[in-house]
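Here's the structure we're looking at; comments come further down.
Values below: every heavy atom of this structure, side chains too, minus hydrogens, waters and symmetry copies. Positions are given from 1 along the sequence.
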Amino acid sequence: MLRIVNRVLIGLVGLLLVVLGGSVLAVGLGMTPPSWWIHQGPHDVLLGNAERTRWRDHGWWWPTVLAVLAVLVLLALWWLSAVLRRRRLAEVLVDTGDGEGALLRGPALEGVLADEAGRLDGVERAQVLLTGRRGAPEARVQLLLAPHVDPRDALDRLTTGALTQARDSAGLAALPAEVRLRGVRHRPERVS
């Protein structure tokens, strides 16, 4: 629900900005505005001489204003891209064989996959993120490996164990996975 409200508010703010910018452009191109509008014609300016020259003696004022506005625009664009981008898969469509199917919560499948991967020998920590579509999910797995573990063995145990079991349990034709392996930071061992 919060996501829907967030997107509606972003859409309304964007629409308001487009309408205001478009109306200023239309007035600048020669259209006659209503009497209550802030600009009265194409030769009217956004900032008059009094507003522009008030801080003329302070050399820091305009660069500061422009830098703050640039930072605000960059933050707004970052926030907008973060809101519009869906990272997690909310649900997975499981084929039940009756033609209807069932929905499995994405975070539940992520938790099971992370638990199974975390139980593998030499895996200190496992994180799983499901992306993609409901009918064709993809997994992003991050494993933190103990110093003595061979990464090839850990990857083989993960693909033949946890990922295969999750794919078969959910009735998926395929469960592509991107696996990132990292080693635990440890002190170097002395050889004598």
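For the atom pair CZ of Arg157 and OG1 of Thr164, the computed distance is 14.0 Å after rounding to the nearest 0.5 Å. Taking OG1 from Thr160 and CG from Leu155, the interatomic distance works out to 9.0 Å, rounded to the nearest 0.5 Å.
Of the listed residues (Leu75, Leu74, Val73), just one forms a side chain to side chain contact (heavy atoms under 4.5 Å, CB included) with Val71, and that residue is Leu75.
Closest non-hydrogen pair, Ala126 versus Gly118, comes out as CB-N, 3.8 Å. Closest non-hydrogen pair, Ala154 versus Val149, comes out as CB-CG1, 3.9 Å. Contact detail for Leu145 and Pro151: the closest heavy-atom pair is CD1-CA, 4.0 Å. Across all non-hydrogen atoms, the minimal contact from Leu163 to Ala177 is CD1-CB, 3.6 Å. Across all non-hydrogen atoms, the minimal contact from Pro137 to Val92 is CG-CG1, 4.0 Å.
With contacts defined as side-chain heavy-atom distances shorter than 4.5 Å, the pair Val141/Leu113 does not qualify. Looking only at side-chain heavy atoms (C-beta outward), Leu16 and Leu12 stay at 4.5 Å or farther from each other. By the 4.5 Å heavy-atom criterion applied to side chains, Leu103 and Val94 are not counted as neighbours. Contact annotation: the side chain of Leu17 approaches that of Val13 to within less than 4.5 Å [non-hydrogen atoms, C-beta and beyond].
Note on residues 139-151: no pairs pass side chain to side chain donor-acceptor pair (under 3.5 Å), not counting sequence neighbours. Applying the salt bridge (charged side-chain N to carboxylate O under 4.0 Å, His left out) test to pairs two or more places apart or on separate chains, those with a residue in residues 119-137 are Glu91-Arg134, Glu116-Arg119.
Linking Ile, Leu, Val, Met, Phe, Trp and Tyr residues whenever their side-chain heavy atoms come within less than 4.5 Å leaves Leu130 and Leu93 in two separate clusters. Val128 is connected to Leu181 through a chain of hydrophobic side-chain contacts under 4.5 Å among Ile, Leu, Val, Met, Phe, Trp and Tyr, so both are in one cluster. No single ILVMFWY cluster, assembled from side-chain heavy atoms under 4.5 Å apart, contains both Val123 and Val112. Taking hydrophobic clusters as Ile, Leu, Val, Met, Phe, Trp and Tyr residues chained together by side-chain heavy-atom distances below 4.5 Å, Leu69 shares a cluster with Trp61. Linking ILVMFWY residues whenever their side-chain heavy atoms come closer than 4.5 Å, directly or via other members, places Trp60 and Val65 in the same cluster.
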Q: For Leu20 and Val24, run side-chain contact (heavy atoms from CB on, under 4.5 Å): C-alpha distance rounded to whole Å, both residues' side-chain angles, the deciding distance at 0.1 Å, then the answer.
A: CA-CA 6 Å; Leu20 284 174; Val24 169; 5.7 Å; no

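Partners of Arg180 according to the side chain to side chain donor-acceptor pair (under 3.5 Å) rule, which considers only residues two or more places apart in sequence or in another chain, are Glu178. Residues forming a side chain to side chain donor-acceptor pair (under 3.5 Å) with Gln127 (at least two apart in sequence, or on another chain): none. Scored by the side-chain contact (heavy atoms from CB on, under 4.5 Å) test, Val68 finds Thr64, Leu72 as partners (sequence neighbours excluded).
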Please tabulate, for the side chains in residues 165-175, all donor-acceptor contacts under 3.5 angstrom to protein atoms that are two or more places apart in sequence or on a different chain.
| unit_1 | atom_1 | unit_2 | atom_2 | d |
| --- | --- | --- | --- | --- |
| Ser169 | OG | Gln165 | O | 2.8 |

